[in-house]
Amino acid sequence: MPELPEVEITRRQIAPLLVGRTVAAVVTTASSPFFLTSPGTLRRRLSGRRFERLDRIGKYLVAGLDGGAQLLLHLGMTGQVFAAGVRSLRLLSSTRGGALTPEGQAGGFVPDRHTHLRLHFDDGGPDVFFRDVRKFGRVELLAPGASSPRLERLGVDALAARAGDLAAAVRRRRAPIKAVLLDQSVLAGVGNIYADEALFLSSIRPSRPANRVTKPQCEQLLAAVQRVLHRSLETGGASISDFVQPSGEDGRYQDERLVYGREGEPCPRCHTPVVRTVIAGRGTHYCPRCQR
DNA sequence: AGACTAACCTGAAAGC
DNA sequence: TGCTTTCAGGTTAGTC
């Protein structure tokens, strides 16, 4: 599932295919909650605009257009951004399946009913697609000068955060520490996988009330968060659900998971079986012996 | 305000 | 075999 590393990898790979190019036409699927800006408006307002930059804030991609408008993209759970002509694209199925679609093997992606946004450019080069099977992703076009409540709600980007940022949030909260890690208004970009991994690395049980995490432990925890995020960036992200890099390749971070999705397997540190529970409505994995 | 829950969505996997 | 049910999870809206 796309969290900060997956979104950042998408940004780095797709930026060269976007920046400097002018939109000639936009093709979308029908209106749905996926479109915070209606398909018709997107088609009208995007055509003729040139992309000037592509940034990331938390799990959001923010594309700056000439004239000052901004295109917001969120990959949700199953979002995939890539360009036409990509080979060996894994369109569906989990890492367990891993099969390539016939279309992918042939090297030509055929837009399907899950391809909600298709950008065609005036240079005749490859189209850029935004595909999302479960439609938890979002697209929004911000008018020049307009702000977005979604972005304003975000806390400091997880990679830029300092220990004090986490310690301040933790102090007054009695919710499980994991819920605080997942709260995008505290640290933007942390999702379920990296929360579990970071809590394991810092030996903190996910259910522990946030206000029972000491200041030194906050420092350890944030360091662990940033360590797993950086390591995932190095390995191309985690292709656990449907994430694929725009290049079409799978990430490899899933091979380095210590506890996430490893219920019943031995803890890499003490060999006690990893436990799975539900916290903050999310599957949560931890070692009952190492994590207190 | 903080905490908790339902809802959104679809395919995969489990259950029968 | 095949149909039905359950599960997964980022984010927001709604409730207490």
Side-chain angles (χ1 to χ4, degrees), chain A residues 1-8 10 29-37 56-62 72-81 90-101 112-117 130-140 148-155 157-158 168-197 206-213 229 232 237-244 254 257 259-264 276-285:
Chain A
M1 55 221 83
E3 307 180 23
L4 186 152
E6 291 76 23
V7 178
E8 175 63 18
T10 299
T29 51
S31 181
S32 75
F34 180 86
F35 293 102
L36 298 173
T37 300
R56 178 192 60 76
I57 306 175
K59 301 175 191 173
Y60 286 88
L61 289 173
V62 184
L72 256 55
L73 304 179
H74 193 294
L75 302 186
M77 283 295 302
T78 53
Q80 306 171 321
V81 180
R90 181 173 53 83
L91 290 174
L92 284 177
S93 86
S94 66
T95 49
R96 284 166 292 237
L100 303 176
T101 64
D112 59 5
R113 69 192 185 95
H114 303 301
T115 307
H116 304 297
L117 187 66
F130 184 0
R131 185 171 182 271
D132 182 6
V133 169
R134 290 182 198 169
K135 265 195 262 185
F136 278 13
R138 295 289 181 265
V139 176
E140 181 174 21
S148 162
R150 290 161 199 282
L151 294 184
E152 287 178 353
R153 263 197 292 273
L154 296 180
D157 191 80
V170 142
R171 210 167 296 146
R172 287 185 304 278
R173 301 245 214 154
R174 272 171 288 188
I177 182 63
K178 172 159 175 178
V180 175
L181 283 183
L182 293 177
D183 187 338
Q184 301 297 297
S185 72
V186 178
L187 297 183
V190 180
N192 205 34
I193 298 170
Y194 302 106
D196 279 8
E197 295 295 298
S207 58
R208 192 195 302 178
N211 59 5
R212 302 275 284 278
V213 178
L229 294 178
S232 183
S239 291
I240 287 178
S241 178
D242 296 72
F243 175 73
V244 288
Q254 65 276 9
R257 288 169 298 131
V259 289
Y260 182 84
R262 296 201 185 281
E263 178 184 14
R276 181 186 186 279
T277 58
V278 175
I279 292 175
R282 297 290 168 265
T284 299
H285 313 74

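All heavy atoms count here, side chains included; hydrogens, waters and symmetry mates do not. Per chain, numbering begins at 1; letters A, B, ... match sequence-line order.
Residues forming a side chain to side chain contact (heavy atoms under 4.5 Å, CB included) with A:R282 (at least two apart in sequence, or on another chain): A:K178, A:L182, A:N192. For A:I57, the side chain to side chain contact (heavy atoms under 4.5 Å, CB included) partners two or more places apart in sequence, or in a different chain, are A:V62, A:L151, A:L154. When the side chain to side chain contact (heavy atoms under 4.5 Å, CB included) test is applied to A:F136, the partners found at least two apart in sequence or on another chain are A:M77.
Counting non-hydrogen atoms under 4.0 angstrom, A:G137 reaches nothing in the nucleic acid. Nucleic acid contact for A:F35: none, since no nucleic acid atom lies under 4.0 Å from a heavy atom of the residue. Residue contacts shown for A:R276 are limited to sugar-phosphate atoms, with no base heavy atom under 4.0 Å away.
Counting heavy atoms from C-beta outward, A:E6 and A:S232 have side chains that approach closer than 4.5 Å. Residues A:R173 and A:V186 have side chains in contact (heavy-atom distance under 4.5 Å, counting atoms from C-beta outward). When side chains are defined from C-beta on, A:T10 does not count as touching A:R56, because their heavy atoms never get closer than 4.5 Å. A 4.5 Å side-chain heavy-atom check between A:T37 and A:L72 finds every atom pair outside the cut-off.
Ring geometry for A:F35 versus A:H116: interplanar angle over 60°, hence perpendicular rather than tilted (30 to 60°).
Taking side-chain N and O atoms only, A:R173 has a distance below 4.0 Å to OP1 or OP2 of B:dA3.
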Close N or O pairs between protein and nucleotides 4-9 of chain B (under 3.5 Å):
from: B:dC9; atom 1: O4'; to: A:R134; atom 2: O; distance (Å): 3.4

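Taking every nucleotide of DNA chain C with any atom under 4.0 Å from a non-hydrogen atom of chain A, the first and last of them, 5' to 3', are C:dA8 to C:dT12.
Overall bending of the helix from B:dG2-C:dC16 to B:dC16-C:dG2, expressed as the angle between end axes built from five pairs apiece, is 50° (10° steps).
Here A:R257 does not pair with A:D196 in a salt bridge; the nearest charged N to carboxylate O distance is not below 4.0 Å.
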